[in-house]
Enquirer: 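Before I ask anything, here is the structure I am working with.
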Amino acid sequence: MDDYFFIITVLVTLSAIFGYINVRFLKLPNTIGLMLITIVFTLAVFALSYFDSTLLDAEKYIITQIDFKAVLLDVMLSFLLFAGALHTNFQQLKVQRWPVFVFATFGVIVSTFLVGTVMFYILKMIGLDVDFIYCLLFGALISPTDPIAVLGILKKAGVPKKLEAKIVGESLFNDGVGVVIFLTIFQIASFGNGNIETLNIVKLFGQEVIGGVILGGVLGWITYKLLKTIDDYDIEVIITLAAVMAGTVIAHKIHVSAPLAMVTAGLIVGNDTVRGTAMSKITENYVDKFWELIDILLNTILFVLIGMEMLVLAFDGKYILAGLIAIPIILLCRYASLLFPINFFKKRLDFVPKTNLIMTWGGLRGGISIALALGLTEAMQRDLFLVITYIVVVFSILVQGLTVGKLVKKVS
């Protein structure tokens, strides 16, 4: 118990210090600034360890004590997705629901297979022989865009509202879908191809996705009914918190997708109609501020953790080369996976010029990809894919994140 309290204390303290440095001196969006400062800090700790390894040992201890995958996917993600969905423009999302649905399902599946196939051949060319199924696993973990990174950066970038609804909506839902695709391929890779039938895959996928959305709908409806019958902002905030925590536990127990359940519940509770009929102005203000604070706190801890995860990487020349080659491949595959849906909906819905380009460059990867990569086994080339994922995520957040605003201004 003492250990966990110590680790949380260190993480929150570092988040506060790095956050202060960013706001006071760097003035970057929080997600970018925190990750950059943590990476620089970790490199400094590395350099210092040649003279005194105390700090490095402490940082290594913290990273080895934390199951990043479990912490992010089983705990943090539910809170972050609920908070993100709560502040999403429901009316815009309703208008854009079909493109968002197709981007989050068809787009992620196509991207998974494109990235997996291209990486399979690229890795062969640089002398790394990796089974095709493991390359597909990498495709699945790198294809979902990260709503946590996306939301924080798009607010600063000044993206047109209807485009923001597409990018944010897609990243909220494709997380849940991406995790389900990853788990499905993971099961096939673990059992070998012979033991899993197509019907089982469809069943697993359907149960996770549809079950998650239904559970979220029920949770959202119950929360709405409870909020509507009382007017006490303290208790109403606690009700929303209980919905997320209990919903996550139930989702894990009945094997449906907790991320999709939380997105659905968040969209229902954040909907203008629900806000108008179930919350007084003061309650609305408190609920929003509470979830913004949760969002910012978990975000800062998450990006500090991502910066520290450098310590578990196996730095090998070929791995780094593979990571650098993967950056343009993943961007091209994302662009290609969006081509069909965008062209299909372009005529019916008023799309912003160069939507594909902005969605490709603004589709950032983040903690979810790293968490999934950490969940791979040694046999699945965990070290290799972790290095590639880390390089892609750092490029995505530092380079794409800092330039997406400029790109939007240039093309719009």
Enquirer: Taking Asp316 for its side chain and Lys318 for its backbone only, find out whether a donor-acceptor pair lies under 3.5 Å.
Expert: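 Yes; at least one donor-acceptor contact below 3.5 Å.
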Enquirer: For Phe6 and Thr9, run side-chain contact (heavy atoms from CB on, under 4.5 Å): C-alpha distance rounded to whole Å, both residues' side-chain angles, the deciding distance at 0.1 Å, then the answer.
Expert: CA-CA 5 Å; Phe6 168 74; Thr9 305; 5.6 Å; no
Enquirer: State, with a plain yes or no, whether a side-chain heavy atom of Glu378 is found less than 4.5 Å away from one of Asp383.
Expert: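 The answer is yes, as the side chains (C-beta and beyond) meet within the 4.5 Å cut-off.
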Enquirer: Kindly indicate whether a cation-pi arrangement holds for Lys166 with Phe345, taking the cut-offs as under 6.0 Å to the six-membered ring centre and within 45° of the axis.
Expert: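 Checked: cation-pi criterion not met.
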Enquirer: Roughly how far, to the nearest 0.5 Å, is CD of Glu164 from CD1 of Ile358?
Expert: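 Atom-to-atom, Ile358:CD1 and Glu164:CD are 12.0 Å apart.
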Enquirer: Is a donor on one side and an acceptor on the other found under 3.5 Å between the side chain of Asp175 and the backbone of Pro147?
Expert: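 Flag not set: sc Asp175 to bb Pro147 has no pair under 3.5 Å.
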Enquirer: Rounded to the nearest 0.5 Å, how far does CZ of Phe25 lie from OH of Tyr20?
Expert: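 The CZ atom of Phe25 is 5.5 Å from OH of Tyr20, to the nearest 0.5 Å.
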Enquirer: Which pair of non-hydrogen atoms, one from Asp146 and one from Ser171, has the smallest distance, and what is that distance?
Expert: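 Looking at all heavy atoms of both residues, the shortest contact is C-CB, 4.3 Å.
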Enquirer: So, does Ser396 use its side chain to make a donor-acceptor pair with the main chain of Leu364 at under 3.5 Å?
Expert: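 Between the backbone of Leu364 and the side chain of Ser396 there is no qualifying donor-acceptor contact (under 3.5 Å).
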Enquirer: Main chain of Phe101, side chain of Glu170: is a donor-acceptor contact present, judged purely on distance under 3.5 Å?
Expert: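 Not a single qualifying donor-acceptor pair exists.
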Enquirer: Tell me, with the steps shown, if Leu141 and Phe186 meet side-chain contact (heavy atoms from CB on, under 4.5 Å).
Expert: CA-CA 10 Å; Leu141 68 89; Phe186 189 90; over 6 Å; no
Enquirer: Under 4.5 Å between any side-chain heavy atoms of Gln207 and Ser257, yes or no?
Expert: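 No, side chains not in contact.
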Enquirer: Side chain of Arg24, backbone of Asn22: donor and acceptor closer than 3.5 Å?
Expert: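 Absent.
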Enquirer: Report the distance from atom CG of Leu215 to atom CG of Leu260, rounding to the nearest 0.5 Å.
Expert: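 The CG atom of Leu215 sits 10.5 Å away from the CG atom of Leu260.
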Enquirer: Under the 3.5 angstrom rule, does the side chain of Asn89 hit a backbone N or O of Gln92 as a donor-acceptor pair?
Expert: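 Checking the backbone N and O of Gln92 against the side chain of Asn89, a donor-acceptor pair under 3.5 Å is found.
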Enquirer: Search all heavy atoms of Val404 against all heavy atoms of Gly362 and return the closest pair with its distance.
Expert: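 Closest approach of Val404 to Gly362: CG2-CA, 3.7 Å.
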Enquirer: If I compare all heavy atoms of Ala373 with all of Arg382, which pair ends up nearest, and what's the gap?
Expert: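 Where Ala373 meets Arg382 most closely, the heavy atoms are O-CG, 3.8 Å.
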Enquirer: Asp288 vs Arg275, test: salt bridge (Lys or Arg N to Asp or Glu O under 4.0 Å). Steps then yes/no.
Expert: CA-CA 11 Å; Asp288 280 345; Arg275 285 168 177 267; 2.9 Å; yes
Enquirer: Side chains of Asn356 and Thr360: donor-acceptor distance under 3.5 Å anywhere?
Expert: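 Thr360 and Asn356 do have a side-chain donor-acceptor pair below 3.5 Å.
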Enquirer: For Met380 and Ser190, which heavy atoms make the closest approach, and how far apart are they?
Expert: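 For Met380 versus Ser190, the nearest heavy atoms are CE-OG, 3.7 Å.
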Enquirer: With side chains defined as the heavy atoms from C-beta onward, is the minimum distance between Leu136 and Phe113 less than 4.5 Å?
Expert: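 Yes, at least one pair of side-chain atoms sits under 4.5 Å.
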Enquirer: Run the side-chain contact (heavy atoms from CB on, under 4.5 Å) check on Ile342 and Phe103 step by step: do they pass?
Expert: CA-CA 9 Å; Ile342 286 177; Phe103 292 149; 3.7 Å; yes
Enquirer: In Å and rounded to the nearest 0.5 Å, what is the NZ to CG distance from Lys69 to Leu376?
Expert: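 Between atom NZ of Lys69 and atom CG of Leu376 there are 9.0 Å.
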Enquirer: May I ask you to decide if the ring planes of Trp361 and Phe395 are parallel, tilted or perpendicular, using 30° and 60° as cut-offs?
Expert: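 Ring orientation, 0 to 90° scale: perpendicular.
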Enquirer: Is a donor on one side and an acceptor on the other found under 3.5 Å between the side chain of Tyr390 and the backbone of Gly307?
Expert: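 Pair found, side chain donor or acceptor close to backbone of Gly307.
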Enquirer: Count the heavy atoms belonging to other residues, nucleotides or ligands that lie under 6.0 Å from OH of Tyr50, then report whether that count exceeds 12.
Expert: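 No.
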Enquirer: Measure the shortest side-chain to side-chain distance between Phe340 and Phe106 over non-hydrogen atoms and say whether it is less than 4.5 angstrom.
Expert: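 Result yes, sub-4.5 Å side-chain heavy-atom pair found.
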Enquirer: Which atoms form the tightest heavy-atom contact between Met279 and Val269, and what is the distance?
Expert: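 Closest approach of Met279 to Val269, heavy atoms only: CE-O, 3.7 Å.
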Enquirer: What is the distance from atom OG of Ser78 to atom CG of Leu73, rounded to the nearest 0.5 Å?
Expert: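 Answer rounded to 0.5 Å: 9.5 Å.
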Enquirer: Would you check if Val256 and Ile250 make a side-chain contact, meaning some heavy-atom pair closer than 4.5 Å?
Expert: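 No; the side chains remain at least 4.5 Å from each other.
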Enquirer: Looking at Val108, is its backbone amide N or carbonyl O close enough to the side chain of Ser111 to form a donor-acceptor pair, meaning the two atoms are under 3.5 Å apart?
Expert: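 Looks like no, no N/O pair under 3.5 Å.
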Enquirer: Can you find a pair of side-chain heavy atoms, one from Val102 and one from Phe344, that are under 4.5 Å apart?
Expert: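 No - every pair of side-chain heavy atoms lies 4.5 Å or more apart.
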Enquirer: Shortest non-hydrogen contact from Ala322 to Leu384?
Expert: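 Looks like CB-CD1, 4.4 Å.
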Enquirer: I'd like to know whether OH of Tyr121 has more than 12 heavy-atom contacts from other residues, nucleotides or ligands below 6.0 angstrom.
Expert: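 No, not enclosed.
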Enquirer: Do Ile214 and Ile210 come within less than 4.5 Å of each other through their side chains, counting heavy atoms only?
Expert: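 Of all side-chain heavy-atom pairs linking Ile210 with Ile214, at least one is under 4.5 Å.
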Enquirer: Quick one: does Ser53's side chain have a donor or acceptor within less than 3.5 Å of a partner on Ser49's backbone?
Expert: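 Not at all, since once roles are kept as given, no pair shorter than 3.5 Å links the two residues.
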Enquirer: Check the pair Phe132, Thr117 against side-chain contact (heavy atoms from CB on, under 4.5 Å), reporting the backbone distance first and the verdict last.
Expert: CA-CA 7 Å; Phe132 181 64; Thr117 308; 3.7 Å; yes
Enquirer: Is there side-chain contact between Val237 and Thr283, with heavy atoms separated by less than 4.5 Å?
Expert: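 Result no, sub-4.5 Å side-chain heavy-atom pair not found.
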Enquirer: For the CD1 atom of Ile306 and the CD1 atom of Ile370, what is their distance to the nearest 0.5 Å?
Expert: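 Taking CD1 in Ile306 and CD1 in Ile370, the distance rounds to 4.5 Å.
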Enquirer: Is Lys94 atom NZ crowded by more than 12 heavy atoms from other residues, nucleotides or ligands, each under 6.0 Å away?
Expert: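 Result for NZ/Lys94: open.
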Enquirer: Side chain of Ser143, backbone of Ala140: donor and acceptor closer than 3.5 Å?
Expert: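 A pair under 3.5 Å: no.
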